[in-house]
Amino acid sequence: MRSRATSTSRARPPAAHFEIERFELSSGARLLVSRRPGASVTALQVHVRGGHSLDPSGRAGTAFLTGSLLDQGTRSHTEEELAIELETAGGSLSGDASGLSGTIAAAEWKMLVELACELLTEPTFPADRVRLQKKRLLDRLLVEDADPRAQAERRFQRLVYGEHFLGRPVQGTAASVARLERRDLVAFHRANWVARRALVAVCGDVDPRAVARLMERRLARWQPGELLAPREHHFPPRAVRVDAFEKQREQVHLYLGHLGVQRRHPDYPALVVMDHVLGTGPGFTNRISQKLRDELGLAYSVHAAIHSSAGIHPGTFLAYIGTSPEHVATALAGFRSEIERIQREPVEQGELRTAIDYVVGSYALSFQRAARRAGYMISVERHALPDDNLERLPRQIAAVTAADVQRAARAHLFPERSVVAAGGPLSPRALKRIVGSLSV
Amino acid sequence: MMFKGSRRFGKGEVDRITTQLGGMNNAFTAYDHTGYWFELASDRWERALEIEADRMRHLSLDQTEFEAEREVVLEELAMGLDDPWRRLTERVQAALFERHPYRRPIIGHPDALKALAVGDMRDYYRRFYHPGNAVLVISGDVTRAAAMRAVRRHFAALPPGPPPPANGAAGFRPAPDPQPGEQRLEMRWDDPGRRLCMAWPAAAVGSDDDWALDVVSTLLAGGRSSRLTRRLVLKRGLATSISTHNDSRVESGVFWLLAECAQGIGPEVLERAVDLELERLAREPVSAVELARAHSILISTEAYENETVTDLAEALGEWAADGDWRLALSFNEKIRAVDARRVREIVQRLLVRERRVVGWCHPAAPARRRASRRPAPRARPGKKRARPA
C-alpha cells in the first residue's frame with residue numbers, strides 16, 4: 001500500500017496555473033484580472049494599503065468602521081438601493097478595514113465592478129447609518145468583552161505585539177469605538193482610501209481588457225493620494241509573558257507563541273513544511289494533533305503554525321488548544337515538548353515526504369473558488385511574489401530537506417521565550433504558576 | 001472511529017495516505033445520515049474507493065481507540081456547552097420534539113456518551129454500515145464508465161446487506177409530536193447578550209413545503225434587503241443580527257429564527273416586532289419584485305455553494321441519502337415555482353404562534369454560574385464534523 005501511494009503522488013502533482021493580466025489605471029490604482037472561461041461566479045477584491053495601522057491614536061476601529069460603512073450609501077444610491085440592486089443580481093459586496101470584497105453571478109460582473117467603484121469613490125457616510133452601524137459594533141464588542149476565546153486571543157496579540165498596531169484589535173474596543181464620530185470616518189476615507197494605495201483583483205469569465213476599460217472610466221476621478229511612507233516597526237522582545245481572562249466556563253482556550261516571520265523570509269518554504277509536520281497537517285498527520293488530541297484526548301480542536309500569519313509584517317507562531325481546566329499543564333507541556341523535539345531531532349524521511357506530498361499535491365485544489373483566486377492575486381502583488389510563484393513555490397517546498405526543517409525550527413521557534421494567554425475558568429495567577437512550573 | 005483502523009488500513013493510515021496523495025478528507029453527521037468525503041486530484045481519486053470499501057465492512061473498532069476518541073468527543077461537547085447559542089437552541093429543540101430522537105443533539109449528551117461501550121459501536125456499525133444502506137457519489141474529471149468500473153472493482157465483493165426500509169427510520173420511532181400550543185423557555189448566561197430563538201416544526205426534505213420555506217426564510221432574513229434584516233436591524237436597530245434557517249429533515253424539519261437583541265432594547269419590543277413581520281407575511285401577498293429577488297438570492301447562493309467538485313458531491317450525496325438526488329437538479333425550477341399565494345399559505349399554516357417554541361437567553365450576574373459539567377442538551381442546526389473543518 002505504502003509504495004503505491006507514494007509512487008502515485010510522485011508521478012506529477014496537479015498543476016496550479018492561471019494567467020494574471022495587470023493594468024495601471026490612470027488614477028494610480030493597480031488592477032489584476034484573471035480570466036476563467038466558464039466560471040459561474042465572478043469575484044472581486046480591493047485591497048487598500050494601510051488598513052488599521054492608520055487608526056488615529058486612541059481611535060482603534062476607525063479603519064474598520066470606515067470600510068464597513070462604504071456600502072451604507074453613496075452619492076448615487078441609498079444603502080437600501082445598493083442592497084436591492086446587488087441582491088437582485090445574486091451579488092454581495094462589503095467592506096472592512098483594508099478593502100472590499102464581493103461576488104456575483106458571472107453574467108452580472110459589470111454591475112459588481114461599477115458598484116465597487118462607486119463605493120470606493122463616492123461614499124457619503126449618512127449620519128443615521130453611522131449611528132446605527134456604530135451602535136451595532138459597540139453591542140457586538142460588549143458581548144465579545146465577555147467571551148473567553150475572543151479575550152484570550154486579544155491578550156495573545158497584545159502580549160506578542162505590545163503597543164504595535166498589530167497588538168490592537170482591528171474592530172477597536174468598546175472605549176475607542178465610542179469615541180468615533182462621522183467626521184473621523186469621512187477624514188479617514190479622504191486621506192487613506194486613495195487610488196495609489198489600491199490593488200483591485202477580478203476573477204471570472206471576463207475579458208480583462210473590458211474590465212480595465214470599465215474601471216478606468218469609473219475610477220478616473222478617484223483621488224490618487226499619497227503612497228504610504230515607510231515606517232519603522234518596533235516589537236517587544238520575545239520573552240515569557242502571561243495573561244488570562246477568567247470566566248466560569250467548561251473549557252480553557254490557550255494560546256502559546258511569539259513573534260513570527262515575514263512572508264518574504266527565505267525560510268518560508270521550510271516553515272510551511274515544518275508547520276505541517278508539527279501542527280497543521282490534516283487529520284492526525286501532524287505531531288501536535290497526534291499527541292494532544294489522539295494520544296492524550298485533551299481536545300477536539302488543537303493546532304500550531306507560523307507560516308499562515310506571515311505577512312508584510314512578522315506574523316506569530318501560535319499554538320492553540322481548547323481544553324478542560326485540569327488539562328492546562330499537560331497541554332502546555334505537550335506543546336513545549338513537541339516544539340523542542342522538532343528542534344532537536346531531524347524529521348524522519350517518511351514524515352517529511354508525507355508533509356511535502358500533501359502541500360505540493362493539494363496546492364492546485366485550493367484554487368477552485370474565484371474568490372480564492374482574487375485573494376491570491378492581491379497577495380502576489382502585496383508581497384511582490386514572482387510571476388511564476390504558483391509553479392515555483394511547490395518546487396521550493398518539494399526541495400525542503402529534514403535539515404532545512406530542523407534549521408528553520410531552531411531559527412524561528414522559541415518555546416522558552418513564549419507568551420501564554422488563556423480565557424476560561426483559570427485565573428492569571430494560576431496560569432502564571434503553571435507556566436512557571438514548566439519553565440523550571 | 002472510521003479513521004482509527006480497518007482490516008487493510010491501520011490506525012492513522014487513512015489520513016497518511018490522503019495526505020501523501022495531496023488530498024483532503026473529513027466526515028460529518030447530520031440528523032439523518034453520516035457522510036465521509038475525500039477530495040483528491042483526478043489522477044489518483046480511486047484510492048478513496050479502496051479505503052471506503054475496506055472500512056465499510058471491516059472496521060477495527062478497537063476498545064482502547066474507542067476510549068481515547070470518547071475523551072475527545074467529551075472535550076468537543078464541553079466546547080459546545082460554552083456556546084450560549086448552542087445551549088439555547090438545544091433547549092428549544094428538546095421542547096420542540098417531545099419524544100422523537102430529533103430532540104437530542106447530534107453529538108449526544110455527556111452521560112450517554114460516558115455510558116457507551118465499544119460493543120454498542122460494533123452493533124451500530126454492523127446494522128448500518130453496508131453498501132445497501134449507502135450512497136456513493138463521484139464528482140470531477142472522470143467518465144461515468146471509468147467511475148463505474150472502479151466502483152465495481154472495489155465494492156463488487158462486498159455483501160450488499162439489506163436495503164434500507166422503505167419508510168427510512170420512521171418505522172422505528174415515534175412520529176414527531178403535534179405541538180401542544182406555544183411553549184416558552186428562558187435561560188441565563190453571564191454576558192450582556194440577549195438572544196432570541198424561535199422554532200417551529202417544519203418541512204420534510206424535498207417536500208413542497210421544503211422549497212416554500214426556503215423562499216420564506218430568504219424573504220425574512222436572506223440578505224440586507226430581507227424584511228427582518230431591513231426593518232428590525234438596519235432601520236429600527238432593534239437587533240444586531242437576525243437569521244432564519246429552514247432545517248429540513250427526513251421526518252420533520254425545524255424552521256429556526258435567531259436574533260440578537262440590541263443593547264437597551266427590551267426583549268418584548270424585539271419579539272413583538274418579529275411577530276408583526278410574520279403576521280404581515282401571512283396576511284399580505286408578497287410583491288412580484290420582492291419574490292423575484294428572493295428567488296434570485298436562493299439560486300445564486302446555490303451556485304456559489306456548488307462552485308467546487310466537493311461541494312457538488314456533498315450536495316448530491318445529501319439529497320440522495322435523505323430523499324432523491326434528482327431533486328438537486330430541479331432546485332431552480334422548484335424555487336421559481338414558489339409563488340406569492342404559496343408563501344402566504346405556508347406561513348399561515350406552519351409559522352404560527354401555537355406551533356412554536358420561543359426561547360430567550362438573558363444576561364445573568366457572573367457569580368451565579370458555576371463551572372460544573374452540567375449535562376445540558378445540545379442541538380444546533382447543522383452537522384457534527386469528525387474533525388474541525
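Note that the structure is a prediction, hence the values are computed from the model and not measured. Chain naming here is simple, since letters A, B, ... match the order of the sequence lines and numbering starts at 1 in each.
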*Of the listed residues (A:Pro325, A:Gly424, A:Gly297), which shares the most heavy-atom pairs with chain B below a 4.5 Å separation?*
A:Gly297

*Top contributor to chain A interface from B:Thr18, B:Thr301, B:Val233 [non-hydrogen pairs under 4.5 Å]*: B:Val233

*Taking the six-membered ring of A:Phe367, is NZ or CZ of A:Arg36 closer than 6.0 Å to its centre and within 45° of its axis?*
no

*Donor on one side chain, acceptor on other, B:Glu307 and A:Gln368, under 3.5 Å*: no

_Heavy-atom closest contact (B:Thr229 atom, B:Ile242 atom, distance)_ = OG1-O, 4.2 Å

_Please classify the contact of B:Val289 with chain A as side chain, backbone, both or neither, using a heavy-atom distance under 4.5 Å._
neither

*Do the side-chain N and O atoms of B:Ser6 and B:Asp54 include a donor-acceptor pair separated by under 3.5 angstrom?*
yes

*Report yes or no: do B:His154 and B:Glu52 form a side-chain donor-acceptor pair below 3.5 Å?*
no

*Quick one: what part of B:Leu234 sits under 4.5 Å from any heavy atom of chain A, side chain, backbone, both or neither?*
both

_Among A:Ile104, A:Leu138, A:Asp145, A:Leu296, which residue has the highest count of heavy-atom pairs closer than 4.5 Å to chain B?_
A:Ile104

*Which bit of B:Asn306 is near chain A, if near means a heavy-atom gap under 4.5 Å: side chain, backbone, both or neither?*
neither

*Check whether A:Thr103 gets within reach of chain B through its side chain, its backbone, both or neither, counting any heavy atom under 4.5 Å.*
both

*Among A:His327, A:Arg131, A:Glu87, who wins on heavy-atom pairs under 4.5 Å with chain B?*
A:Glu87

_Minimum heavy-atom separation for A:Ala398 and A:Ile356, please, with both atom names._
CA-CG2, 3.6 Å

*B:Arg194 versus chain A, heavy atoms under 4.5 Å apart: side chain, backbone, both or neither?*
neither

*May I ask you to check if B:Arg16 and B:Phe9 form a cation-pi contact, with NZ or CZ under 6.0 angstrom from the six-membered ring centre and within 45° of the axis?*
no

*Closest contact, heavy atoms only, B:Ala262 versus A:Lys135*: CB-NZ, 3.7 Å

*Using non-hydrogen atoms and a 4.5 Å limit, figure out which bit of B:Ser225 sits close to chain A: side chain, backbone, both or neither.*
both

*Going by an N to O cut-off under 4.0 Å, is there a salt bridge joining B:Glu290 and B:Arg293?*
no

_Tell me which of these, B:Arg70, B:Glu67, B:Lys11, has more heavy-atom pairs under 4.5 Å with chain A than the rest._
B:Lys11

*Determine the option with the most heavy-atom pairs under 4.5 angstrom with chain A, choosing from B:Glu71, B:Arg224, B:Lys235.*
B:Arg224

*asked:* What part of A:Asp128 gets within 4.5 angstrom of chain B, counting heavy atoms only: side chain, backbone, both, or neither?
replied: neither

*Mind checking whether A:His253 and A:Tyr320 have parallel, tilted or perpendicular rings, split at 30° and 60°?*
parallel

*Let me know if A:Ala370 has heavy atoms under 4.5 Å from chain B in its side chain, its backbone, both or neither.*
both

*Looking at A:Arg129, A:Gln133, A:Gln72, which makes the most heavy-atom pairs under 4.5 Å with chain B?*
A:Arg129

*Any idea which of B:Pro84, B:Gly223, B:Gly237 has the most non-hydrogen atom pairs under 4.5 angstrom with chain A?*
B:Gly223

*For A:Leu132, is it the side chain, the backbone, both, or neither that has a heavy atom closer than 4.5 Å to a heavy atom of chain B?*
side chain

*Return yes if some donor-acceptor pair links the side-chain N/O of A:Arg373 with the main-chain N/O of A:Cys203 below 3.5 Å, else return no.*
no

*Per-residue contact mode, B:Val14 against chain A (heavy atom under 4.5 angstrom)*: neither

_Heavy-atom pairs under 4.5 Å with chain A - which of B:Arg230, B:Met24, B:His295, B:Glu39 has more of them than the others?_
B:Arg230

*So which heavy atom on A:Arg249 is nearest to which on A:Pro148, and how close?*
CG-CG, 3.7 Å

